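Hydrogens, waters and symmetry mates play no part in the numbers below; they use all other heavy atoms, side chains included. The first residue in the sequence is number 1, and the count goes up from there. Remember, predicted model here, so these are calculated numbers, not experimental data.
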Amino acid sequence: MPSYANRYISTLTRDTYALILAGGRGSRLHELTNWRAKPAVYFGGKHRIIDFPLSNCINSGIRRVGVATQYKSHSLIRHVHRAWGHFKKELGESVEILPASQRYGDEWYCGTADAVFQNMDIIRHELPRYVMILSGDHVYRMDYGALLAKHVETGADMTVCCIEVDTEEAANTFGVMTVDEQNRIRRFDEKPAVPNEIPAKPGRCLASMGNYVFNTEFLFEQLQKDAQNSCSGRDFGHDIIPAIIDNHQVYAFPFTDPGMSGQPYWRDVGTLDSFWEANMELVEPEPKLDLYDPSWPIWTYQEQLPPAKFIFDDDERRGMAVDSTVSGGCIISGSQVRKSLLFSNVHVHSFCQIEQAVVLPGVVVHRGCHIKRAIIDRGCEIPEGLTIGLDHEEDIEHGFRVSKNGIVLVTRDMLAALAQKTDAQSQQRA
């Protein structure tokens with residue numbers, strides 16, 4: 001027989017509607033988000049970032065989910081439709097795309113709160129007791145059932161999910177809260193330059209994960225008030241939370257993972273360096289994020305592809321990959337791949353060396369290339385003999401982007417510009 005606690009949580013999850021905010025550009029990822037929203041960015045060899053909050057919802061028993069999209073959403077919408085479009089509305093489950101559609105005026109989504117406000121009619125039609133607002137651009141695994149249970153047990157009007165981070169990391173980046181002994185939020189600062197530290201934990205602060213639980217009617221009431229405030233920025237962190245913490249029950253829920261000791265896994269892969277680092281963590285022998293755990297699968301869409309193939313076993317021409325993750329459809333032909341992550345359908349031709357690289361789907365690396373500490377965007381075709389990441393002055397001269405920590409980003413547009421430059425130089429010499 002199922003336990004009372006499990007039945008209690010399953011009742012809460014059935015009474016919950018989740019809205020994932022997935023319209024962000026992710027400008028700190030630079031050219032990696034020129035043609036896709038940040039939640040649509042590839043991650044982990046076969047996934048997109050949006051797959052993580054969606055999988056958390058489904059694994060937690062929350063089966064009514066909306067995905068609010070806006071910035072360059074085509075690839076995101078296509079992926080969600082292919083990967084998550086099989087749910088049956090008649091069975092009380094659905095994953096629906098909610099594009100900005102100007103329901104309450106002529107403006108597109110003007111902030112996180114406005115994105116929810118403009119979809120109130122859709123949420124109201126679902127008749128949920130609780131609404132969960134989720135950020136669509138973080139990588140983590142979390143059982144939302146525990147969050148919902150705590151929200152109800154404390155009698156909260158709103159609950160903010162939070163995680164401990166270094167103050168240096170949180171500065172100008174995350175919302176930071178100060179709580180009392182019962183975890184009631186007493187102060188909330190959105191992206192402060194100097195975050196408030198946790199008492200007795202110098203250098204650490206409580207940062208918002210961008211995940212919230214509301215009682216439905218309370219949420220609607222606050223959104224309507226905010227919409228009537230001409231001075232509001234229409235944002236939960238800037239406007240809604242600071243306006244309600246004094247007169248309403250607003251609690252923090254510290255994110256913990258019962259399956260591990262210490263800090264739970266949560267990554268904001270919002271910069272090229274953090275994106276590369278998070279992917280590199282996955283090729284470690286025991287990664288902090290276990291994508292092989294069958295008890296909490298990360299669902300996604302994937303093509304039907306042949307297995308990865310490694311060919312030639314000559315001393316000077318051996319197809320091999322060590323300390324790496326290689327996805328389906330890849331061919332490693334007489335080249336060495338070390339501490340790298342290759343997405344689907346990557347073809348590496350002979351006499352290449354690839355080290356500490358994140359190579360997105362459909363990349364072709366021609367003979368004699370050497371790539372190190374780089375991110376290669378989808379569909380790039382690396383010309384024969386090109387070196388990337390070994391000489392940053394040369395990388396910059398080639399038109400590639402070099403991050404603060406020396407990670408090199410290469411895109412198709414950059415390679416096209418380099419080819420034109422090389423052709424022009426050849427014509428001048430001729």
Side-chain angles (χ1 to χ4, degrees), residues 12 15-24 53 57 62 64-68 70 98 100-105 107-136 144 147-162 174-180 182-192 206-253:
L12 295 180
D15 281 341
T16 299
Y17 181 87
L19 181 59
I20 301 176
L21 304 181
C57 285
I62 299 171
R64 292 182 294 168
V65 184
V67 181
Q70 183 158 269
L98 306 177
S101 52
Q102 299 170 302
R103 287 185 179 85
Y104 292 93
E107 300 292 332
W108 301 110
Y109 295 150
C110 300
T112 56
D114 186 59
V116 182
F117 174 75
Q118 290 201 37
N119 287 291
M120 282 200 309
D121 57 325
I122 294 174
I123 299 172
R124 184 178 283 112
H125 181 74
E126 296 289 339
L127 301 176
R129 292 182 63 185
Y130 312 103
V131 177
M132 181 175 290
I133 313 298
L134 302 172
S135 171
Y144 298 138
L147 167 61
L148 283 165
K150 197 66 176 178
H151 173 79
V152 174
E153 289 168 8
T154 57
D157 297 305
M158 176 190 185
T159 300
V160 181
C161 199
C162 60
F174 299 127
V176 174
M177 64 200 77
T178 303
V179 301
D180 62 19
Q182 286 73 43
N183 281 332
R184 184 173 175 180
I185 299 175
R186 296 302 185 180
R187 175 177 172 179
F188 190 94
D189 301 300
E190 181 66 4
K191 300 180 180 179
L206 276 180
S208 170
M209 296 169 61
N211 297 342
Y212 317 119
V213 179
F214 284 91
N215 298 333
T216 302
E217 292 307 317
F218 178 77
L219 172 64
F220 290 171
E221 176 185 322
Q222 299 309 314
L223 290 176
Q224 288 166 344
K225 285 183 179 179
D226 185 70
Q228 295 168 4
N229 181 1
S230 60
C231 298
S232 173
R234 310 286 184 258
D235 185 81
F236 282 108
H238 276 293
D239 306 288
I240 299 288
I241 300 175
I244 65 176
I245 56 177
D246 289 339
N247 299 316
H248 298 280
Q249 301 293 315
V250 183
Y251 284 84
F253 178 83

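By the 4.5 Å heavy-atom criterion applied to side chains, Ile122 and Leu98 are counted as neighbours. Contact annotation: the side chain of Val213 never approaches that of Phe253 to less than 4.5 Å [non-hydrogen atoms, C-beta and beyond]. Here the side chains of Tyr17 and Thr216 are not in contact, with every heavy-atom distance at 4.5 Å or above. Contact check for Glu221 versus Lys225: side-chain heavy atoms found under the 4.5 Å cut-off. Residues Leu219 and Tyr212 have side chains not in contact (no heavy-atom distance under 4.5 Å, counting atoms from C-beta outward). The shortest side-chain heavy-atom distance between Leu148 and Ile62 falls under the 4.5 Å cut-off. The shortest distance between side-chain heavy atoms of Phe214 and Gln222 does not fall below 4.5 Å. Taking the side chain as every heavy atom from C-beta outward, Val116 and Leu21 approach each other to under 4.5 Å.
Shortest non-hydrogen contact noted between Met177 and Ala207 is CE-C, 4.2 Å. Across Gly175 and Glu190, no two heavy atoms sit closer than the pair CA-OE1, 3.4 Å. Taking both residues in full, the closest heavy atoms of Leu147 and Met132 are given as CD2-CE, 4.0 Å, listed atom of the first, atom of the second, then distance. Annotation for Asp226 and Ser232: closest pair OD1-OG, 2.5 Å, computed over non-hydrogen atoms.
Note that CD1 of Ile241 and OG of Ser208 are 5.5 Å apart. Values are rounded to the nearest 0.5 Å. In this structure, CD in Gln249 is found 13.5 Å from CE in Met158, a value given to the nearest 0.5 Å. Once rounded to the nearest 0.5 Å, the distance linking CG of Asn119 with CG of Asp114 reads 9.5 Å. Between atom OG of residue Ser135 and atom CZ of residue Phe236 there is a gap of 12.0 Å, rounded to the nearest 0.5 Å.
Put simply, the side chain of Asp239 gets close to the backbone of Arg234: a donor and an acceptor are under 3.5 Å apart.
Not less than 6.0 angstrom separates the ring centroid of Tyr144 from the ring centroid of Tyr130.
Across Asn215, Thr159, Leu12, a single residue satisfies side chain to side chain contact (heavy atoms under 4.5 Å, CB included) together with Val152, and that is Leu12.
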